[in-house]
Amino acid sequence: MKKQLNLRHRIALGYLPPVLLMVAVCALMIWKTQAMLEISRSVETAHTVVEHIKDVHAHAMEMQKSARGYLLARNDISRRNYGQALASVGDVAKTLEREIVDQSQLRKLHEIRAATGNLAALIEQQMQLVDNGETSKAIQLYASGNDRNLGRTVTRLINEFEQREEAILKERQGEETQTLESITNLMLIFTASAIVLATLLSWWVTTRISGSLVSAATSMTSSSAEIASTVDEHERVVSHQAAAVNQTSTTVEELGVS
């Protein structure tokens, strides 16, 4: 019974290391996968931020284009296009504030909004002059080049923002690649380790079990030999006892005859 219990313990012990290794690898894989998902989300966000900042640039250019059209023709279409472009700049900027994680990029966005606000104030001043019939003053104000300078400032800030966001995107993509490579390497290491460990453990368990079986067989053989020797001894004793009985019977018969 004790040998059977020890055998069970050895078999169970043989299964324990692979199970522990599998649990550890599973936990590590879950952690790596979560990190991979987080990086993937940040990459997607970076792509979205780049697209949105390009939209801000396009809307800012539309503001200037519509303002020039209004100065030349004073039509409602140009005024409406300007208003839509200005509203779109505000909406996209609010969306970017929710998406941006990098604090330096958030400060740059605030600079872009401030520059865009100054540009809008100057354009609206020109439009107001046109509405008041002072088109010549509006043209003089446009000719001063302040709105073009503000437009170039907005373009410069947006380009700086976009370059930084592109750099962030490359960093995230690099982290994504490294994480994927680490997951692949982890799987290869786990597979190789599992094969080596299974081989060593199977050899150890087989050796232990065969040793136990050989010991048990040797013990049984020894016990069988002892039992056979005991049986032979009993047979000899019985033979001696039978001979003694026969001798006693003969002696009794001889006494009876005498």
Side-chain angles (χ1 to χ4, degrees), residues 8-61 88-116 153-209:
R8 289 177 180 176
H9 286 169
R10 289 172 183 174
I11 295 175
L13 186 61
Y15 281 110
L16 183 60
V19 171
L20 293 178
L21 179 61
M22 185 178 297
V23 171
V25 171
C26 287
L28 188 58
M29 286 293 294
I30 291 173
W31 176 68
K32 285 288 186 181
T33 303
Q34 291 294 331
M36 183 73 178
L37 292 175
E38 185 66 27
I39 294 173
S40 297
R41 284 192 290 266
S42 65
V43 169
E44 184 178 355
T45 300
H47 277 295
T48 304
V49 169
V50 170
E51 292 176 0
H52 285 167
I53 200 63
K54 288 181 179 179
D55 291 339
V56 170
H57 193 196
H59 294 316
M61 295 301 100
S88 298
V89 168
D91 293 339
V92 177
K94 289 179 181 178
T95 302
L96 282 171
E97 286 183 348
R98 295 191 298 267
E99 294 173 340
I100 294 174
V101 177
D102 189 84
Q103 293 300 315
S104 63
Q105 287 292 83
L106 191 59
R107 289 192 294 270
K108 184 68 68 177
L109 176 63
H110 292 162
E111 292 179 15
I112 293 171
R113 293 195 67 177
T116 305
T153 300
V154 171
T155 300
R156 176 180 58 80
L157 292 173
I158 289 177
N159 288 337
E160 291 175 356
F161 182 97
E162 188 174 348
Q163 290 173 2
R164 173 56 186 160
E165 199 63 32
E166 290 286 354
I168 293 174
L169 178 59
K170 289 182 180 179
E171 291 176 3
R172 296 291 184 271
Q173 290 174 336
E175 292 175 1
E176 188 177 25
T177 302
Q178 291 178 355
T179 304
L180 184 60
E181 290 176 353
S182 66
I183 291 175
T184 304
N185 293 334
L186 181 63
M187 291 300 298
L188 293 175
I189 293 173
F190 167 70
T191 302
S193 301
I195 293 173
V196 173
L197 184 61
T199 303
L200 293 176
L201 288 175
S202 62
W203 174 81
W204 181 79
V205 171
T206 303
T207 302
R208 293 293 181 178
I209 292 175

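The figures here come from the full heavy-atom set of this structure, side chains too, leaving out hydrogens, waters and symmetry mates.
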Next item on the list: Heavy atoms only: give me the nearest Phe161-Val49 pair and the separation to one decimal.
Entry: CE2-CG1, 3.6 Å

Item checked: Gap separating the CD1 atom of Ile100 from the CD1 atom of Ile168, nearest 0.5 angstrom -> 8.5 Å

Next item on the list: Determine which pairs satisfy side-chain hydrogen bond (donor to acceptor under 3.5 Å, both in side chains) with at least one residue from residues 156-167, sequence neighbours left out, and list them in order.
Entry: Gln105-Glu165, Lys108-Glu160, Arg156-Glu160

Note to self: Minimum heavy-atom separation for Ala115 and Val154, please, with both atom names.
What the structure shows: CB-CG2, 3.7 Å

Margin query: Nearest 0.5 Å, please: how far is CG in Asp102 from CG in Leu109?
Written below: 11.5 Å

Note to self: Can you confirm whether Thr45 sits close enough to Val101 that some side-chain heavy atom of one is under 4.5 Å from a side-chain heavy atom of the other?
What the structure shows: no

Notebook entry, point to check: Between CG of Leu169 and OG1 of Thr48, what distance do you get to the nearest 0.5 Å?
Noted result: 10.0 Å

Check: Looking at Val50 and Ile53, what are the two nearest heavy atoms and their distance?
Finding: O-CG2, 3.2 Å

Notebook entry, point to check: Between Arg41 and Glu44, is there a salt bridge with N-O shorter than 4.0 Å?
Noted result: no

Checklist line | Spacing of NE2 belonging to His52 relative to CZ belonging to Arg98, to within rounding of 0.5 Å | finding: 9.5 Å

Checklist line | Sequence-distant partners of His57, side-chain contact (heavy atoms from CB on, under 4.5 Å), two or more places apart | finding: Met61, Thr155, Ile158

Next item on the list: Nearest 0.5 Å please: distance from the NE2 atom of His110 over to the CG atom of Leu96.
Entry: 10.5 Å

